[in-house]
Amino acid sequence: MTMATAMVAAVLLLLTISPAAAAALSPHFHADSCPELESIVRTSVEAALEEEIALAAGLLRVFFHDCFPQGCDGSVFLTGRNSEQSLGPNLTLQPRALQLVDAIRAKAHAACGPTVSCADISALATRDAVVFSGGPNYTVPLGNLDSLTPASAKAVMTLPSPITSSVAALFEAFRTRGLVELTDLVALSGVHTVGRAGCRFFADRSAKQDDTFSKKLAANCSVEPDRLQNLDVITPDVFDNGYFKALMFNQGVFTSDMALVKDKDTAPIVKRFAGSKDKFFKQFVKSMEKLVNAPRPDGNVGEIRRSCSSPNGDDGEKEDFAVASA
Ligand SMILES: *[C@@H]1O[C@H](CO)[C@@H](O)[C@H](O)[C@H]1NC(C)=O
Ligand SMILES: *[C@@H]1O[C@H](CO)[C@@H](O)[C@H](O)[C@H]1NC(C)=O
Ligand SMILES: *[C@@H]1O[C@H](CO)[C@@H](O)[C@H](O)[C@H]1NC(C)=O
């Protein structure tokens, strides 16, 4: 190798390494490279939610499912064999919420070039959906790269399940994500204030018919099995503390919701949030700021995906991911 080709090789090596050596996350990460970003995301989210308010819950759910398994890395958007979407929890992800994030990414890339990841778009869109629905604003760190592969099935399966009746089990799932206080679990469960669910996700509760509310759930589902039940029966479309107020009347839809009001350690927190929207919002902001920083076990490595559903190297064929080992 001549001196010149060695130098070219060294430069190329630097060029290929630099995207992976990600700069520190910051709310202002895109301020110079894509100053229009925040307004593009906000106007797109507002237009979409004006058409369909249920997308707020859809975006929140996608974001939680992205951040929980291995940090907020856009891994949930990948499709294909062994993707996170091919696993059980995918059944509750709204296709239109997934599509909305990719549509916003396309707009941002058209305006600024491919400088913003699907992970960042998802984080911003989710925050704007919370604010648009009446919830509090919070700070989102930007600069996350999109993962090259999906999270492992093992990591995805640690997502908390609606049929979990034990606060200890729910808390265990949260604790390992840096959500180390019981108030984090209760405050983040508060996103159910705008949530909806199909009958099969609370069939365990409605089958018992052990109170007026579960009888009503069962009756509704027997008439209309495909209906969507509001998780906040008081103010279903508004991001507020109605979910906690309903819990105080034992009107939680999921077994995991009822667990929060039955457990002696979480019940006082539910009561506090039911009594004060302000207290709920203050804690929600703190807990969300922990979730957006959920640990990425391999660090911030990856790429800016040109399409949220596949890695850039993809040739357009359906992606076939190897089963991840971790
Ligand atoms: C979820 O994954 C299962 C199993 O791969 C698949 O059959 C189903 O169609 C997927 N559901 C959605 C909504 O993509
Ligand atoms: C939320 O706060 C951020 C600053 O952290 C600001 O840039 C953004 O415009 C706010 N969003 C809304 C909808 O007020
Ligand atoms: C049952 O259906 C009625 C009528 O659609 C609805 O108002 C109610 O919220 C549903 N669920 C429960 C638990 O009452």
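Residue indices begin at 1 and follow the sequence shown. Counting starts at 1 for both ligands and their atoms, in listed order. Quantities reported herein were computed from a predicted structural model and do not represent experimental measurements.
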Checklist entry - Just wondering, more than 12 heavy atoms not from Lys279 lying within 6.0 Å of its NZ? => result no
Checklist entry - Which heavy-atom pair separates Asn312 from Arg305 by the least distance, and what is that distance? => result OD1-CA, 3.3 Å
Checklist entry - Between Phe244 and Phe280, is the ring centre distance below 6.0 Å? => result yes
Next on the checklist: Taking Glu38 first and then Arg127, would you say they form a salt bridge - that is, a charged N and a carboxylate O separated by under 4.0 Å?
Outcome noted: yes
Next on the checklist: What I want to know is whether Thr139 and ligand 2 share at least one N or O pair that is separated by under 3.5 angstrom.
Outcome noted: no
Checklist outcome for this item: shortest atom 11 (N) of ligand 3-to-protein heavy-atom contact is with Asn220 ND2, 2.7 Å
Checklist entry - So, do Phe68 and Phe174 have ring centers that fall under 6.0 Å from each other? => result yes
Checklist outcome for this item: ligand 2 to Val131, heavy atom cutoff 4.0 Å, flagged ligand atoms 13 (C)
Checklist entry - Is atom 14 (O) of ligand 3 close to the protein, meaning a heavy atom under 4.0 Å from it? => result yes
Next on the checklist: I'd like to check atom 4 (C) of ligand 3 in this structure: does the protein have a heavy atom lying under 4.0 Å from it?
Outcome noted: no
Checklist entry - Is atom 7 (O) of ligand 3 close to the protein, meaning a heavy atom under 4.0 Å from it? => result no
Item to check | Under 3.5 Å: N/O of Asn137 near N/O of ligand 2 | outcome: yes
Next on the checklist: So Leu231 and Arg196, do their side chains get closer than 4.5 Å, heavy atoms only?
Outcome noted: no
Checklist outcome for this item: Under 4.0 Å from one or more heavy atoms of Arg127, ligand 2 contributes atoms 1 (C), 2 (O), 3 (C), 8 (C)
Item to check | NZ/NE/NH1/NH2 to OD/OE distance under 4.0 Å, Lys286 and Glu289 | outcome: no
Next on the checklist: For the 3.5 Å polar cut-off, considering only N or O atoms, please tell me whether Arg42 and ligand 2 meet it.
Outcome noted: yes
Checklist outcome for this item: Atoms of ligand 3 under 4.0 Å from any heavy atom of Leu217, numbered from 1 in the order shown, are 13 (C)
Checklist outcome for this item: With heavy atoms and a 4.0 Å threshold, my read on which part of Gln229 contacts ligand 3 is side chain
Checklist entry - Which heavy atom of Cys112 sits nearest a heavy atom of Ser33, and at what distance? => result CB-O, 3.6 Å
Item to check | Within-shell test, Arg227 vs ligand 3, heavy atom, strictly < 4.0 Å | outcome: yes
